Amino acid sequence: MARRKKKENHIIWFWLGVAGMLLTLVPYVILGEDAIFTYHDQLDGEMIAYLLQAKNLFSGNMLPEFMGGMPKTALTMPAPICVLLFLGGNGFAALTFMQLMGRLVGFTGMYLLSEEITQSDWIGAAVGILYGLLPFLPVYGLSQYGIPLLFWCGLQLRKQKHLALAFGYVILFGLSSSLVLVGFGLLGIGALVLLWDLRGKERKPHFLIGWLVLAGIYVAENSELLFQVFGMGEAVISHKAEYKLQPQPFWGTFGQALLQGGQHSEGYHKYLILVVMAAVIAAMVIGKFGRTKDKREVTDNTVRKLWRCLGISLGWNVFFAFAAAVWGSEICIGLRERTGALGAFQLDRLLWIAPCLWYLAAACGAALIWDRRKRLRGGAGILTGACMAAVIAAGAFTAFLILYVGDIKSNIQKLRNPEYGLMSFRDYYAIGVMEQVREFLAETSGKGQEEYRVVSLGIDPAAALYHGFYSLDGYSNNYPLSYKHRFREVIAPELAKSEYLTDYFDDWGNRCYMFSAECPGYYTIEKKGFRFMDYSIDAGALRDMGCRYIFSAACIQDADLQGLMLTREEPFETEDSYYQIFVYEILK
């Protein structure tokens with residue numbers, strides 16, 4: 001009877017969590033392309049990678065639309081199998097589906113992993129919901145959302161249970177995640193587990209096979225990139241060779257990495273640290289009042305298992321923060337700069353694993369306190385009850401924080417107020433405006449998009465690429481150094497006006513954009529009367545690269561002096577568009 005009730009509770013808590021994940025997508029479905037997605041490193045980069053890779057999936061090794069024609073390694077997809085979602089060309093539908101799948105897998109994995117260790121359905125559901133709500137970028141596929149389920153499958157492989165499901169998910173995770181973002185760290189942890197297993201007599205062959213399968217998939221997916229990085233095959237010097245790395249203070253980086261996380265890997269776990277602290281307090285209480293209600297010692301395998309898991313989770317997170325701090329330290333930067341493009345490798349991506357471990361540690365802490373609250377008597381029971389109240393409060397504050405900083409809140413605001421200020425999917429890609437530009441150029445030039453090249457000014461190049469234009473500018477973390485030098489000739493007059501832009505392009509250069517010293521750092525200029533009053537480029541160098549048109553978000557004063565001709569006096573726009581687009585032709 002008890003087993004049946006436990007199974008019923010398991011089903012109820014699981015489907016409540018699934019329902020919660022589904023509800024978060026309702027605003028996206030209602031708003032459609034007016035929905036809001038984080039655009040930094042998502043709409044401006046990875047989305048374009050999926051769209052162009054899908055468009056050229058069966059056509060060789062080049063992306064002709066991107067930066068004058070680049071190898072496919074210039075736009076590496078974080079979740080390769082997800083390219084299939086983009087074959088139809090509907091980027092919004094594909095991105096929304098990736099967000100839904102990410103949240104469902106994130107909740108399911110954290111629920112199963114926490115429930116497996118804590119033996120508590122409600123704790124598993126609580127941390128699963130929190131993890132599923134984390135504002136990870138959906139373009140990264142399962143690189144973050146999928147880690148808890150991968151860990152759960154690893155446990156099953158070691159126990160030789162649910163083998164078909166576990167192996168199936170390992171394959172799916174490998175196809176839906178990135179080696180350079182998170183895979184190298186997961187393989188490293190797996191390798192250490194395998195070495196640990198060598199100490200005992202009992203072998204774990206299924207875990208070894210799972211590790212080999214995941215490693216094999218990553219190598220197959222990234223073979224071209226690995227050949228390039230290690231100097232095998234055709235030698236192409238990446239623009240990363242000119243990266244100028246900036247050292248960071250060790251202790252400041254360590255503290256930030258531990259308490260906040262890294263770029264795109266924030267766990268919003270600062271309140272959950274209170275749960276771990278409360279568990280330690282409860283342990284101290286047990287040390288002083290360590291008797292249960294029937295006067296037996298409070299020691300059992302479940303409690304030891306929880307403490308072991310909590311300690312391992314915290315230990316790994318401290319190591320990740322330490323590794324990130326060392327990697328960015330002055331001494332390490334000096335060594336990395338001597339290794340060329342390899343020095344640009346971001347070891348701090350280990351922090352992408354940290355959120356999973358923080359939430360697992362919180363689950364263990366909550367389970368420990370819950371167990372003590374039920375089993376201790378007198379003052380100890382009262383104090384652990386207070387700790388349990390702190391756990392609930394920490395969970396509530398964490399949920400509020402996650403909802404406050406993520407896109408869920410922004411889209412609810414958009415539903416309430418259509419004039420809400422953040423750029424929508426439609427705004428960012430100039431949907432409704434770029435179509436006008438495309439039709440106008442087809443009529444006036446008589447040429448297809450593949451017959452001319454464009455660049456964008458005050459508009460992220462992603463908008464032109466999204467609409468099928470062949471662009472010379474773009475956002476890439478791995479393109480030839482020679483192209484960077486050639487493009488620099490075009491924007492040299494503007495770089496000369498701004499030390500910030502000079503450092504930004506010369507020392508980094510991932511954004512190969514038409515920068516302007518009048519608005520440095522702004523790649524999306526809203527239609528509110530701004531004009532480029534002193535814009536200078538080397539139009540001859542741009543023309544030599546094959547460019548014919550500049551799409552500008554603002555009028556360029558004295559454009560003719562720069563060798564540019566406005567093709568139409570009135571800008572292209574719609575009544576509610578974010579942009580107005582002026583099209584300039586480069587004179588011969």
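Bear in mind that the values here come from a model prediction, so they are computed numbers and not experimental data. Residues take their numbers from the sequence shown, with the count starting at 1.
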Starting at [atom1] of [X], measure out to [atom2] of [Y] and round the result to the nearest 0.5 Å.
| X | Y | atom1 | atom2 | value |
| --- | --- | --- | --- | --- |
| L31 | S424 | CG | OG | 9.0 Å |
| I209 | L157 | CD1 | CG | 9.0 Å |
| Y420 | K414 | OH | NZ | 9.5 Å |

Determine the interplanar angle of the Y169 and F173 rings, folded into 0 to 90°, and report it as parallel if under 30°, tilted if 30 to 60°, perpendicular if over 60°.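 Ring orientation, 0 to 90° scale: tilted.
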Consider only side-chain N and O atoms of [X] and [Y], and report whether a donor and an acceptor are under 3.5 Å apart.
| X | Y | value |
| --- | --- | --- |
| N478 | H239 | no |
| K527 | S577 | yes |
| Q263 | D348 | no |
| E242 | H485 | yes |
| D407 | T38 | yes |
| R453 | S471 | no |
| Y39 | T524 | no |
| N510 | Y504 | no |

With ring pair (Phe, Tyr, Trp, His ring centres under 6.0 Å) as the test, would you mind laying out the steps for F37 and Y28 before giving the verdict? CA-CA 9 Å; F37 288 93; Y28 296 85; 5.2 Å; yes
By the definition ring pair (Phe, Tyr, Trp, His ring centres under 6.0 Å), identify the one residue from F97, F86, Y140 that meets it with Y50.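 Between Y50 and the candidates, ring pair (Phe, Tyr, Trp, His ring centres under 6.0 Å) is satisfied uniquely by F86.
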The single option from P80, S177, S178 passing side-chain contact (heavy atoms from CB on, under 4.5 Å) against E221: P80
Salt bridge (Lys or Arg N to Asp or Glu O under 4.0 Å) evaluation trace for D44 with R511: CA-CA 10 Å; D44 59 356; R511 295 189 189 275; 3.1 Å; yes
Mind checking whether F551 and F582 have ring centres under 6.0 Å apart?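 No, too far apart.
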Is the shortest side-chain heavy-atom distance between Q99 and L25 below 4.5 Å?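 A side-chain contact under 4.5 Å exists here.
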Could you go step by step and tell me if K244 and D503 meet the salt bridge (Lys or Arg N to Asp or Glu O under 4.0 Å) rule? CA-CA 9 Å; K244 186 174 182 179; D503 293 342; over 6 Å; no
Can you give me the closest heavy-atom contact between I129 and F107, atom names plus distance? N-CD1, 3.5 Å
Would you name the heavy atoms of Y579 and I525 that are closest together and state the gap between them?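 Between these two residues, the closest heavy atoms are CD2-O, 3.6 Å.
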Between [X] and [Y] (side chain of the first, backbone of the second, donor and acceptor by atom type, cut-off under 3.5 Å), is there such a pair?
| X | Y | result |
| --- | --- | --- |
| H269 | L357 | no |
| W211 | L187 | yes |
| T502 | L495 | yes |

Pair Y131-F136, ring pair (Phe, Tyr, Trp, His ring centres under 6.0 Å): steps then yes or no: CA-CA 10 Å; Y131 192 83; F136 296 140; 5.7 Å; yes
From the options Y475, Y466, Y523, Y428, select the one residue that forms a side-chain hydrogen bond (donor to acceptor under 3.5 Å, both in side chains) with D460. Y428
Under 6.0 Å from the ring centre and within 45 degrees of the ring axis: does the NZ or CZ of K447 meet both conditions for the six-membered ring of Y452?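 The answer is no; the distance or angle limit is not met.
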Tell me whether K484 forms a cation-pi arrangement with F505, defined as NZ or CZ under 6.0 Å from the six-membered ring centre and within 45 degrees of its axis. yes
